[in-house]
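Each remark here refers to the structure printed beneath this line.
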Amino acid sequence: MALQRLWQHFCALVPCLLFSVLVRNLVVARDPTPACSALDGNESCAAVLGHDAADMVGLLQRRVQDSREALRPAIDSTAAAAGGAAEIVLDMLVMADIGHPREYSNGSYLTGPFPMGYGKVEGSFSLYDGIGNYITQQGARPKHVLIAGDVSYGGGTKKVLDALTASFRKCSDGSLPDSVIFPGIGNHDVSYLGCTSTPQLLNLEHPKTCFYGGETVGIFASSHQMSYTSWVDNWMQAFTGLSGSKVILPPRTTTGTCKTTGGNAGGAECKFPFTHLLEEYNGCITSIGYSEPWCYTGGSDWGYCSTTCTPEISSWTAPTRYNLDLNPSSSVYIIVGLIAGAEITYWNGDTPPESVPVGGPSGAQAECKFLSDSLNHGKSLGKTVFIYATHWFQEGCTDWSLIQQIDIWLYGHDHNMWQAPLAMGTVVQEQRYFPAAMLLGNGGYDDGQYKYVSFVHLTEEIVEGRSKVNLKVFDTCKSITKCPSTDNPNFAQCWHECQDYPDGYNNRKAVPNTNFGFTYDAPQSAQGASEHSLNFPAKLRLKTKWVALGECASHAMSVRVDRYGSYRSTGASSLVDPHASILGDRVANLSLAVSSSSSNTSSNTSSNIGSNNTGSSGNSPTPECLVPVEDESKAVVFYFYDVNDTSARLTVDTFSRAPVVQDGKVLLQRYGFYDLYLNQPTEPHTRPSGMGRCRPQDGYLMSFASALAEGKNMVLGIDFVDGVLQVLEDGNTKIDADIVRA
């Protein structure tokens with residue numbers, strides 16, 4: 001059957017190739033000047049053929065590439081059937097925050113004016129050289145490229161985008177044309193200055209607006225250059241795959257009225273547009289003095305917006321929010337969202353609701369709707385692995401029922417590298433609770449905080465009915481200078497000089513990085529999917545007491561306080577960043593006594609029991625211990641993950657989604673999924689932001705005497721001591737543990 005498909009694809013490809021040869025021969029007969037090749041870009045073809053013929057050649061190039069892609073699964077399937085090898089169904093490069101290759105190092109418009117000069121460093125050049133080495137010398141054959149925002153920092157101007165696609169075509173020897181490169185939108189893709197707030201104040205007429213493109217007031221503030229429609233056209237023309245069959249704009253499936261809560265509107269609906277402080281808004285906004293997005297409902301009446309509260313969105317659009325189905329045989333569905341990392345999120349004045357970023361008017365609500373539509377559509381196609389790609393991580397959709405369905409979250413923006421899963425480990429879909437998050441913002445552009453410039457090679461192989469998604473990291477520059485090179489985290493620099501490899505591509509190689517990378521293991525089809533037996537919200541009763549969150553009594557915990565006043569445990573080695581030797585860690589160690597009103601287990605019913613003291617996105621919570629209570633209504637709700645036959649970890653069902661961790665002997669919850677790693681590292685020059693705190697494997701692994709099940713169990717090695725749940729020295733001690741569905 002596979003051989004038959006291979007023959008059918010080959011027969012479909014032959015007429016296209018013959019016609020391409022015919023056009024080429026006709027041109028050569030007309031003009032002895034060397035004609036452009038099938039791998040040349042339309043710009044070089046136009047110089048030889050004229051634009052009409054060049055467009056025809058461009059069409060042929062895309063047809064040839066599509067046919068190559070159509071042939072590849074059949075070839076892989078045939079090889080797998082013949083040799084028993086795994087079938088490769090997805091093969092792509094992923095990166096973020098990238099600049100330009102070395103041919104633009106002469107101070108041209110790509111590396112000349114501020115801030116483009118930041119891209120005139122060896123690290124930026126090394127990314128392309130490393131990809132060139134990986135493809136032309138090591139023999140890799142990736143079929144697609146995904147860039148998670150900040151695509152050469154050009155504000156969407158045509159000449160910058162065209163230069164980028166030409167650079168990929170060159171370094172890959174033509175195997176990565178514009179039709180297989182898919183961009184996400186970052187802050188520097190809106191304005192090349194990055195939509196930062198302080199400089200924009202220099203534009204006195206529009207101090208709160210970030211404009212598309214590269215025009216400026218002075219050298220720091222953006223000014224109007226193009227319309228939203230023109231900006232979108234530039235992306236669609238530069239990356240022709242955005243209008244191809246691989247891109248899906250998921251149908252709108254979520255609807256709802258824009259009801260409010262709180263305020264003085266009495267639950268009335270928002271009325272858009274509305275005016276606030278002389279600015280007109282077509283969606284909910286967040287402003288000083290308001291804890292959540294809000295809107296006016298008429299006159300001076302106002303209320304907080306629900307998570308579904310957005311202006312009417314009839315459809316989604318590329319390049320701002322779209323999906324990718326790169327191979328019907330793949331289990332992977334890619335969701336490209338719009339968390340741009342911009343400080344100014346009001347763009348150009350003509351941006352429609354579907355392209356308003358998170359942080360903009362109703363942007364977070366739009367992102368939730370987009371996620372919902374994307375997940376629904378991907379599941380309708382039978383997809384089982386959902387990869388979410390955004391430029392930044394903070395302040396996105398906070399609907400956990402949607403976030404929890406994301407399998408892998410890839411993001412950039414902070415010029416560093418970090419991942420939540422264990423390095424080179426495996427995450428099993430049926431056991432996980434958190435998305436497997438990975439920061440890959442070290443693409444070589446701008447000032448870096450990590451001494452390597454890297455890209456990710458993402459492949460999917462099918463093995464015995466399982467989808468194995470492999471993320472392997474390759475370094476293209478190892479900084480040979482002190483990295484980062486300044487004590488000021490805002491100007492931390494790397495990548496200005498790189499280690500040479502004389503046998504590489506322009507002295508650069510793609511070298512495997514074993515500190516990062518992981519495998520995601522999931523069912524190939526929805527029919528093969530299963531859930532662990534405890535996949536439900538649960539309460540826990542130990543002996544006769546329910547488990548709640550409360551103050552940590554008078555227990556002294558070993559913690560360290562960074563200069564932001566955040567807490568981080570040093571009581572368990574599992575909580576120490578495994579990459580601390582790379583990233584550095586300068587935080588004073590001290591012993592902090594956490595006070596409590598009482599340590600009496602029988603009367604511990606103060607208002608602090610069962611409270612959610614986890615703060616909001618990006619804020620670090622005060623530690624809360626697991627304490628006993630008599631009243632079931634005060635019990636905290638947990639979810640189990642990493643569930644095996646006789647062990648599991650717990651996470652707390654609050655906004656922070658914090659795992660239960662061990663600090664010394666005490667069990668508590670501290671950092672959750674939305675908390676950022678803000679510790680000022682030891683080497684005083686590592687930027688103190690952008691690092692996720694939540695590593696699921698940091699959760700305390702609870703052991704049980706027999707197979708876990710809903711209802712009665714026996715837990716090993718823990719008990720209430722002095723008013724808090726603690727790990728006992730005798731790990732064989734058993735106590736009753738009831739797991740009750742919440």
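FYI, side chains are in, hydrogens and waters are out, and symmetry mates aren't considered; it's all heavy atoms of this structure. In this text the structure is predicted, and so the values were computed from the model without any measurement.
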Problem set entry | Any donor-acceptor pair under 3.5 Å from Ser372 side chain to Lys369 backbone | no

Exercise. Taking only residues two or more places apart in sequence or in another chain, which ones pass side chain to side chain contact (heavy atoms under 4.5 Å, CB included) with Glu430?
Worked result: Val428, Arg466, Pro523, Ser530

Exercise. Is any side-chain heavy atom of Asn376 less than 4.5 Å from a side-chain heavy atom of Pro250?
Worked result: no

For this session: Without swapping roles, check the side chain of Asp631 against the backbone of Ser633 for a donor-acceptor pair under 3.5 Å.
Result: yes

Exercise. Say you draw a straight line from CG of Leu667 to SG of Cys552; how long is it, rounded to the nearest 0.5 Å?
Worked result: 10.5 Å

Exercise. What's the shortest heavy-atom distance between Val427 and Ala436, and which atoms?
Worked result: CG2-CB, 4.5 Å

Seminar exercise, completed: The complete set of salt bridge (charged side-chain N to carboxylate O under 4.0 Å, His left out) pairs with one or both residues in residues 325-336, sequence neighbours excluded, reads Asp325-Lys383

Seminar exercise, completed: Sorted by chain and residue number, the side chain to side chain donor-acceptor pair (under 3.5 Å) partners of Gln405 (sequence neighbours excluded) come out as Lys379

For this session: Could you please spell out the steps behind the side-chain contact (heavy atoms from CB on, under 4.5 Å) verdict for Leu549 and Leu626?
Result: CA-CA 5 Å; Leu549 287 180; Leu626 304 188; 3.6 Å; yes

For this session: Would you please say whether a donor-acceptor pair under 3.5 Å links the side chains of Asn323 and Ser374?
Result: yes

Exercise. Does the side chain of Asp91 come under 3.5 Å of the side chain of His457 through a donor N or O and an acceptor N or O?
Worked result: yes

Seminar exercise, completed: Sorted by chain and number, sequence neighbours left out, side chain to side chain contact (heavy atoms under 4.5 Å, CB included) with Gln524 holds for Ser331, Ile462

For this session: Would you check, one step at a time, whether the test ring-ring contact (aromatic ring centres under 6.0 Å, His included) holds for Trp400 with Tyr433?
Result: CA-CA 11 Å; Trp400 188 256; Tyr433 179 74; 5.6 Å; yes

Exercise. Under the 3.5 angstrom rule, does the side chain of Asn713 hit a backbone N or O of Ala709 as a donor-acceptor pair?
Worked result: yes

Problem set entry | Counterpart residues, side chain to side chain donor-acceptor pair (under 3.5 Å), relative to Ser703 (two or more places apart) | none

For this session: Taking the six-membered ring for Trp and the single ring otherwise, decide whether the centroids of Phe673 and Phe393 are under 6.0 Å apart.
Result: yes

Problem set entry | Residue pairs fulfilling salt bridge (charged side-chain N to carboxylate O under 4.0 Å, His left out) with at least one residue in residues 403-413, sequence neighbours excluded | Asp407-Arg432

Exercise. Do Gln669 side-chain atoms and Thr654 backbone N/O form a donor-acceptor pair below 3.5 Å?
Worked result: no

Exercise. Roughly how far apart are Arg649 CZ and Tyr700 OH, rounded to 0.5 Å?
Worked result: 10.5 Å

Seminar exercise, completed: Scanning both residues in full, the closest heavy-atom pair of Val336 with Gly184 reads CG1-CA, 3.8 Å

Problem set entry | Atom of Ala366, atom of Ile313 and distance for their closest heavy-atom approach | CB-CD1, 4.1 Å

Exercise. With a 4.5 Å limit on heavy-atom distance, are the side chains of Ile387 and Tyr520 in contact?
Worked result: no

For this session: Please identify each residue that fulfils salt bridge (charged side-chain N to carboxylate O under 4.0 Å, His left out) with Lys472, with sequence neighbours left out.
Result: none

Exercise. Should Asn644 and Gln431 count as side-chain neighbours, where that means a heavy-atom distance under 4.5 Å?
Worked result: yes

Exercise. Hey, does Leu90 have a side-chain heavy atom less than 4.5 Å from the side chain of Val469?
Worked result: no

For this session: Over all heavy atoms of both residues, which pair between Ala548 and Lys634 is shortest? Give the atoms and the distance, please.
Result: CB-O, 3.3 Å

Exercise. How about Ile408 and Phe518: do any of their side-chain heavy atoms sit closer than 4.5 Å?
Worked result: yes

Exercise. Going by heavy atoms in the side chains, are Leu650 and Val652 under 4.5 Å from each other?
Worked result: no

For this session: Applying side chain to side chain donor-acceptor pair (under 3.5 Å), name anything that partners Tyr641, two or more places apart in sequence or on another chain.
Result: none

For this session: Output all residues satisfying side chain to side chain donor-acceptor pair (under 3.5 Å) with Ser706, sequence neighbours left out; order by chain, then residue number.
Result: none

Problem set entry | Separation of Ile88 CD1 from Lys468 NZ (nearest 0.5 Å) | 12.5 Å

Problem set entry | Pairs where residues 732-742 contributes a residue and the test side chain to side chain donor-acceptor pair (under 3.5 Å) is met, not counting sequence neighbours | Arg541-Asp738, Glu710-Arg741, Asp730-Thr733

For this session: Go through the structure and list residues passing side chain to side chain contact (heavy atoms under 4.5 Å, CB included) with Ala635, not counting sequence neighbours.
Result: Lys539, Trp546

For this session: Take Ile334 and Leu326 through the test side-chain contact (heavy atoms from CB on, under 4.5 Å) and record every step on the way to the result.
Result: CA-CA 8 Å; Ile334 300 173; Leu326 297 176; 4.0 Å; yes

Exercise. Where does the angle between the aromatic ring planes of His413 and His391 fall among parallel (under 30°), tilted (30 to 60°) and perpendicular (over 60°)?
Worked result: perpendicular

Problem set entry | Full working for side-chain contact (heavy atoms from CB on, under 4.5 Å) between Phe638 and Ile739 | CA-CA 10 Å; Phe638 297 101; Ile739 298 174; over 6 Å; no

Exercise. So, do Cys284 and Tyr304 sit near enough that their side-chain heavy atoms are less than 4.5 Å apart?
Worked result: no

Exercise. Val627 and Gly550: which non-hydrogen atoms are nearest, and at how many Å?
Worked result: CG2-N, 3.8 Å

Seminar exercise, completed: Rounding to 0.5 Å, atoms CD (Gln419) and CE (Met438) come to a distance of 4.5 Å

Problem set entry | Chi angles and distances behind the side-chain contact (heavy atoms from CB on, under 4.5 Å) call for Arg695, Trp418 | CA-CA 11 Å; Arg695 296 181 187 273; Trp418 179 87; 2.8 Å; yes

Exercise. Excluding sequence neighbours, so at least two apart, what forms side chain to side chain contact (heavy atoms under 4.5 Å, CB included) with Pro512?
Worked result: Phe474

Exercise. Would you say Leu371 and Asp399 make side-chain contact, with heavy atoms under 4.5 Å?
Worked result: no

Problem set entry | Separation between CG of Leu725 and CZ of Phe720, rounded to the nearest 0.5 Å | 5.0 Å

Exercise. Roughly how far, to the nearest 0.5 Å, is the OH atom of Tyr639 from the OG1 atom of Thr651?
Worked result: 10.0 Å

Problem set entry | Whether Tyr322 and Phe182 hold their rings parallel, tilted or perpendicular, with breakpoints at 30° and 60° | tilted

For this session: Compare the SG-SG distance of Cys258 and Cys305 against 2.5 Å and report whether it is shorter.
Result: no

Problem set entry | Heavy-atom pair with the smallest gap, counting every atom of Met95 and Leu440 | C-CD1, 3.7 Å

